[in-house]
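A short worksheet on the structure shown next.
These numbers come from the heavy atoms of this one structure, side chains and all, not from hydrogens, waters or symmetry mates. Each ligand, and each atom within it, is numbered from 1 in the order the structure gives. Along the sequence shown, residues carry numbers from 1.
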Amino acid sequence: MCGIFGCVLKEGNAAPLIHAALKRLEYRGYDSVGIATIHREEIFVKKDQGKIDEVHKLVNLDDMPGSLGIGHTRWATHGAPLKVNAHPHTDCTGQIEVVHNGIIENFIELKAELEEAGHKFVSRTDTEVFAHLVEDAYKRNSDFTLVQAVLHAIKRVDGSYAFAVISSREPDKIVCARNESPLVLGVSENAVYCASDLTAFLPLTKKAVMINDGELVVLTPGKYEIRKIQDNTAINREPSVIDWSPEMAVKKGYPHFMIKEIHEQPETLRSTLRMQEHYLELISTFLDRATEVFLIACGTSYHACLAASYMFSKLAFLPTYPVYASEFVEQHGKSVNIDSTILAVSQSGETADTLGAVTCAQQRAATILGLTNTIGSTLTRVSRVYIGQQSGPEIGVAATKTFTSQLSVMAQVALKLSKKRGKISQDEMDDLADRMEKLPETVEAIILTQEKKIKAIAKKYRDAKIFFFLGRGINTATAYEGRLKLMEIAYVPAIAYPAGESKHGPISLIEPGFPVVFVCPKDGQTHKTLIGNIQEMKARGAAIISIVEEGDEEIKAMSDDYVEVPKGIPEVLSPIPYVVPLQLLAYYMAVERGINPDTPRNLAKSVTVK
Ligand code: F6R
């Protein structure tokens, strides 16, 4: 999730305006920044790694000539956050500049083909292939316009994108295109803008035009033209007036980052499903060779590891040991050795306990693998191989999209590993891959149909003094995560157990009205036994809140309140959609109790230290 911006002014200097717009987009990514402008048919580029202010201090981003330009603030997914990987990316001739938000899935194949044809690459990004594809289109047909060259290049690309392209051959225009990455235009007296978010131009104009998937846009002084990529037909779309404040726009109109990020999960899941084969292959090869595997992490990332251990076991028959990073040295510090493999999971890639465990394992010659949202973080630097979580910056202190993204990545790794090891049939594998593809829709449906109900449940239980969360099998991790969210955001003490353990002590807490949340997917072996656990709790007067599969009448009839999740989710993937109602419950409990969920007391998020 990066920020892109472009502007064509009727007069004046574009660079200071692009710089200011990128600052407003910095929440979308902040590991490198770059601007390209055109002046008198000459291209000017300034870019570097680091936050915008740091780069500006070094190179003065305002001091670039030209009334037209594009800019980018990056959240690395491919290639470390280095100057060479910062956008804009250039073709071999230096006549084309591209900024991009999204993921080009087939970039490895395209890069190989273009290199074979003599193109020279300087970065490790997926985006650079696009600049060379546009160049290649011109080479094949020297009469091509920039629009034709971009259209030609787009047809070669699989994946998600919002591109903005400029060329010194046609110095008066920006060509943009969109597929599954946001793109919006701004229109003012003196200028037209393109951006990945309204936030970028809100102080400049309130007139916006939303661009849809499959559309291409040409910006020229005082004008914009929208066309369909498929057949180049023109689309007439008038601007509408947006009455958001810049602050509301950063949160996309949501009152808090946490709820924005919960709602973002269909999009972030789509992004993680675009995980490059190459990375999955590398990580699964290491795991395949491992004799013992520890999954180490803290907090929410630990819960993702716990769920992943069921995935690895069920899909790939690989035993893995989830360990709290803060306990790793005490528990395994003496026994970890050259035959051990550590998969360290950390959204920030900077959590001290996780890095401490990694250091200990590294000193004892173990192999370190990483899963993180922050390419360029310490974790990526100390890992033999790492894989990106690809969910964009998470600003709310409570991790939400982190859990679902990490699990989506680990499910794909487990599936890959399973294939390597020949552990499940081709049919099962294809079926799981298909169902994984549907997860974004499922999460969308849960938010759309259940949010109101969850809000009402939060209202009903807002004064509860304590909550219980129970789940079985892989959804023990979901129950743990539900408890963590409720405690940290709404300050409600809560306990969580594997449901089977509840009768070995914790059940003595139950008295009439005690809220117990059950996570009850229908697939797999756990459903029947969970019904027994619900009955035990109900018999003692507990208030049962269940997260059930749509149409599960048996559990619904036993519940005081229930939330429904669409049918057809395989047990190994179930924590991904089933955690969403629990995130919403925690969020609305906090709001009901008058707590700001974005800034829970005593907590802060780790940030990357470069
Ligand atoms: C919970 C939360 C924390 C983090 C934990 C690990 O909502 O945000 O529990 O999950 O501090 O952080 P990372 O994943 O950055 O290592």
As an exercise, identify every atom of ligand 1 less than 4.0 angstrom from a heavy atom of [X].
X    : result
T300 : 1 (C), 2 (C), 7 (O), 9 (O), 10 (O)
E488 : 1 (C), 7 (O)
K485 : 1 (C), 7 (O)
G299 : 9 (O), 10 (O)
S346 : 13 (P), 14 (O), 15 (O), 16 (O)
S301 : 10 (O), 13 (P), 14 (O)
V397 : 8 (O)

Between Q406 and ligand 1, is there a nitrogen or oxygen pair with a distance under 3.5 Å?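 No, Q406 has no N/O under 3.5 Å of an N/O on ligand 1.
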Any N/O of G349 closer than 3.5 Å to an N/O of ligand 1?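 Not met; the criterion fails.
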Considering residues at least two apart in sequence or located in another chain, which fulfil the side chain to side chain donor-acceptor pair (under 3.5 Å) criterion with E26?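 With neighbours one apart ignored, the set is K23.
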Relative to ligand 1, is T400 under 4.0 angstrom through side chain, backbone, both or neither, heavy atoms considered?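 The answer is neither; T400 stays 4.0 Å or more away.
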Could you establish whether I489 and ligand 1 come within less than 4.0 Å of each other, counting only heavy atoms on the residue side?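 I489: no contact with ligand 1 (<4.0 Å).
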Is the closest heavy atom of E350 to ligand 1 under 4.0 Å?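 Per 4.0 Å heavy-atom rule, E350 does not contact ligand 1.
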Would you indicate whether K455, at its atom NZ, is surrounded by more than 12 heavy atoms from other residues, nucleotides or ligands within a distance under 6.0 Å?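 Open.
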Answer yes or no: does atom CZ of R384 have more than 12 heavy-atom neighbours from other residues, nucleotides or ligands under 6.0 Å?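 No, not enclosed.
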Less than 6.0 angstrom separating the ring centers of H263 and Y254, yes or no?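 Yes, they do, as the ring centres are separated by less than 6.0 Å.
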Centroid-to-centroid, Y480 to F469, below 6.0 Å?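 Between F469 and Y480, which both carry aromatic rings, the centre distance is not below 6.0 Å.
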Whether K485 engages the ring of Y587 as a cation-pi pair (distance to the six-membered ring centre under 6.0 angstrom, angle to the ring normal within 45°) should be assessed.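 No, K485 does not sit over the ring of Y587.
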Is the shortest side-chain N to carboxylate O distance from K420 to E281 below 4.0 Å?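 Yes.
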Side-chain donor-acceptor contact under 3.5 Å, Q406 with Q347: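 Absent: no donor and acceptor within the cut-off.
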